Number of protein chains: 2
Amino acid sequence: MGEYRVAALERLIEQFEKFPSVGHKTAARLAYHVLAMPEDEVTEFSQTIIQAHKNIRHCRICCNLTDTDICSVCSDDSRDKSIICVVEDFRDVIALERTREFNVTYHVLNGVLSPINGITPNMLCIKELLARLEDDTVKEVIMATNATVEGEATAIYISKLIKPLGIKVTRLAYGLPIGADLEYADEVTLARAISGRNEVN
Amino acid sequence: MGEYRVAALERLIEQFEKFPSVGHKTAARLAYHVLAMPEDEVTEFSQTIIQAHKNIRHCRICCNLTDTDICSVCSDDSRDKSIICVVEDFRDVIALERTREFNVTYHVLNGVLSPINGITPNMLCIKELLARLEDDTVKEVIMATNATVEGEATAIYISKLIKPLGIKVTRLAYGLPIGADLEYADEVTLARAISGRNEVN
């Protein structure tokens, strides 16, 4: 008894299975959707993939993702160019932009120091950051790497490079997230919230 | 203050958002993965999409999905051609094939009757099924549409067309799924399990 097989469909499912957190069932569901699409949508989808991959590159100034030579933040004159917020990844920029309160420029490291994974300082966009500090425009660098061991180590490493230049270096505050229950907060967060406590006026 | 925007990335995320049960966050995750892919993988992915959509069609005999003229089940001589199992969708064929006990041929309706959604009998592959019953090869038609109102209605409609031809029409058994707890079974399933009870030998 031969099996029911459709090679072209299996190849498509395999392609979708390569995506992060997409298992076989989800991949199959995505593939079925492709089969059910009208032809012009399929062409558009396939072209968008190629175009996005081809056109998206790193901003020449801040190393953030952009489809132009200089990203929309760096080319925006209304941004406060005296503050650079250093993040690990372009997704962090998107998260910070969502606050709508942060009229600064960014610098995207595109990674964190991680000796265990072989990520060394020269693999991150650190020299591009130092180049931006050469004239006297920048007054403050905010280290906004993640609150993880690697993020913390990266922040400390870069701070040590920048401080001798006489530029103020700050780090995002640690503490309880808004809406958090003390009962469920982990002890490290709680210890940081205590040590970083502010006087009530 | 201008926003941080990457038009090519936004277009890609929008494309992924069109997929079923893919929200904005998942779409963004899939899009980021595309950006991180090596160029040859992106080309392959995009071509697989186009190829699958172009090459996959309905089998000329059973209306199942195939990338050949006649699907691998219909062209398999070891299959019992005297039994046709009628299903709604090619996914049902995949599910039934997983049992590895079902050496029959299939007929895929590619839908169910649903007056509320405007699905009428001539929109399903019913005439192709009737054409297969014209010679005397087929002795039994198993109605394996889903156990839903529409699936049931479709099974009854097609049964009424086939019975006058003197061909045996059967329906998959209803009852408790294996491993089910009586306590949690719904009353319709339980009623069907009671009315369909079998004598213990």
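Reminder, nothing fancy here: chain letters follow the sequence lines and each chain counts from 1. Nothing here was measured: the structure is a model prediction, and the numbers come from that model.
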Top residue by heavy-atom pair count (under 4.5 Å) with chain B, among [options]?
{"options": "A:L9, A:V34, A:D67", "value": "A:D67"}
{"options": "A:A52, A:S21, A:P20", "value": "A:P20"}
{"options": "A:V93, A:N55, A:V22, A:L65", "value": "A:L65"}
{"options": "A:K54, A:R5, A:H53", "value": "A:H53"}
{"options": "A:T66, A:D80, A:L30", "value": "A:L30"}

Of the listed residues (B:A7, B:S75, B:C71), which shares the most heavy-atom pairs with chain A below a 4.5 Å separation?
-> B:A7
Highest number of heavy-atom pairs under 4.5 Å with chain A among B:I94, B:T68, B:L12 belongs to B:L12
[X], [atom1]: over 12 other non-hydrogen atoms inside 6.0 angstrom:
{"X": "A:R60", "atom1": "CZ", "answer": "no"}
{"X": "B:K163", "atom1": "NZ", "answer": "no"}
{"X": "B:D136", "atom1": "CG", "answer": "no"}

Please round to the nearest 0.5 Å and tell me the distance separating atom OH of A:Y4 and atom SG of B:C59.
-> 8.5 Å
One should read off an interatomic distance between A:F19 CZ and B:T26 OG1, to the nearest 0.5 angstrom, of 12.5 Å
Contact class of B:I56 relative to chain A, heavy atoms under 4.5 angstrom = side chain
What part of B:Y106 is in contact with chain A, defined as an atom under 4.5 angstrom from a non-hydrogen atom: side chain, backbone, both or neither?
-> neither
Contact list (residues 164-174 of chain A to chain B, heavy-atom gap under 4.5 Å, by number) returns none
Ordered numerically, the heavy-atom neighbours of chain B under 4.5 Å found in residues 39-51 of chain A are A:E39, A:E41, A:V42, A:T43, A:E44, A:F45, A:S46, A:T48, A:I49, A:I50
